[in-house]
Protein chains: 2
Amino acid sequence: MNDRAGDVLEHIDAEACRRFQVAAELAGQKWTAAVLLSLARGAGRFTEVRHTVSGISDRMLSARLRDLERQGLVVRQVTPSVPVQIRYELSESGWQLIRALAPLVDWGQRWMQDDPAADAR
Amino acid sequence: MNDRAGDVLEHIDAEACRRFQVAAELAGQKWTAAVLLSLARGAGRFTEVRHTVSGISDRMLSARLRDLERQGLVVRQVTPSVPVQIRYELSESGWQLIRALAPLVDWGQRWMQDDPAADAR
DNA sequence: CTGGATCCCTATCGATACTG
DNA sequence: CAGTATCGATAGGGATCCAG
């Protein structure tokens, strides 16, 4: 612990904290991270994502994709062929979110204790 | 979108994703961010935290502090006076978490849309 | 002051079945 | 293929009261 966190804290006022809260809840919601990562790695079709995110149900995937689309993190493109093709991809903000999340992953590697309760999830 | 996220993704294997998931759930849990921030800003006593985190109940604050302590993010110190004084402070990993969260805060400032559902929370 | 214990309600999630 | 509808289980969280 060499430096204080003052340089960090000065950016974090109440409003920032609120926004952070929402962002963290979004990212922390079950399956969201996995779906985001799946898309980042190239999955585009509903079925592709479902297949790369093992264990997710149609219902949850559908819900998460809708949430992500609503927040503008994911773009849903419909190609009017027969049958219609749906493709999801990360938006700019989606990519940026993944980048913003990277330090958190590093933190996890370094500091996180194994959580017994995690097995239940 | 100048750069791809390949440099980010190569750090994110399945294990990292799992850790990330747990970290995100931890940070995304209701009140956790606010409590962390409160401590970072100098609150130490139970009542101080409760006062700076408006709207939190005793029960929740107690629960979150226990979680955080269990995860090693917060250290609980008991001073045996009459009455006993309890003081919470961030551990090293707690401070590092706050630093790791900073990019997410920035992301929120930059990209996050106002979420109507946030009002309900 | 610092919580623990209890009650209860709601949101969330999984499973299953069904549709354009 | 790409979802939606419905049901039931369960865990999270608020309110309130109580205790060391």
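- Rounded to an integer number of Å, the gap from H51(B) NE2 to dC1(C) P is 11 Å.
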For nucleotides 14-16 of chain C, which of its nitrogen or oxygen atoms have a protein nitrogen or oxygen under 3.5 Å away, and what is each distance?
from, atom 1, to, atom 2, distance (Å)
dG14(C), OP1, K30(A), NZ, 3.2
dG14(C), OP1, W31(A), NE1, 3.4
dG14(C), OP2, W31(A), NE1, 3.3
dG14(C), N7, R59(A), NE, 3.1
dG14(C), O6, R59(A), NE, 2.9
dG14(C), O6, R59(A), NH2, 3.3
dA15(C), N6, R59(A), NE, 3.4

Please report the C-alpha distance between W111(A) and E92(B) in whole Å, then the side-chain angles of each, then the deciding distance to 0.1 Å, and finally whether the side chain to side chain contact (heavy atoms under 4.5 Å, CB included) criterion is met.
CA-CA 9 Å; W111(A) 295 105; E92(B) 167 67 2; 3.3 Å; yes
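- The distance from atom CG of L68(A) to atom P of dG3(D) is 13 Å, rounded to the nearest whole Å.
- For dG3(C), the OP1/OP2 oxygens have a side-chain nitrogen or oxygen of R76(B) closer than 4.0 Å.
- When distances are taken from the side chain of F46(B) to each of dC13(C), dG3(D), dT2(C), the shortest belongs to dT2(C).
- At whole-Å resolution of the value, CZ in R45(A) and C1' in dG3(D) are 13 Å apart.
- Checked by atom type, the side-chain pair Q21(A)/E25(A) shows a donor-acceptor distance below 3.5 Å.
- Under the 3.5 Å distance criterion, the side-chain polar atoms of R87(A) are left unmatched by any main-chain donor or acceptor of R76(A).
- Atom pair Y88(A):OH and dC1(D):C1' shows a separation of 11 Å (rounding to whole Å applied).
- Nearest heavy atoms, L36(A) versus I98(A): O-CD1, 3.9 Å.
- Atom-to-atom, CG of L61(B) to C1' of dT16(D) comes out at 17 Å; the value is rounded to the nearest Å.
- When distances run from any side-chain atom of T47(A) to the nucleotides dC1(C), dC1(D), dC13(C), the shortest one goes to dC1(D).
- R87(A) comes within contact range of no nucleotide atom at all, as no heavy-atom separation falls under 4.0 Å.
- Rounding to the nearest 0.5 Å gives a distance of 11.0 Å between OH of Y88(A) and CD of Q77(A).
- In this structure, the side chain of Q71(B) does not engage the main chain of D67(B) through any donor-acceptor pair within 3.5 Å.
- Atom C1' of nucleotide dG3(C) and atom CD of E69(B) are separated by 13 Å, given to the nearest angstrom.
- No side-chain donor-acceptor contact under 3.5 Å links S81(B) and T79(B).
- One interatomic measurement links the two molecules: CG of L65(B) to P of dT2(C), which rounds to 11 Å at whole-angstrom precision.
- Considering only the side chain of R64(A), dC13(C) comes nearest among dG3(C), dA2(D), dC13(C).
- Remark: S62(A) is not in phosphate contact with dG3(D), judged by side-chain N or O atoms under 4.0 Å from OP1 or OP2.
- Counting to the nearest Å, the C1' atom of dG13(D) and the CD atom of Q21(A) are 13 Å from each other.
- Counting only heavy atoms from C-beta on, R66(A) has its side chain closest to dT4(D) among dA2(D), dG13(D), dT4(D).
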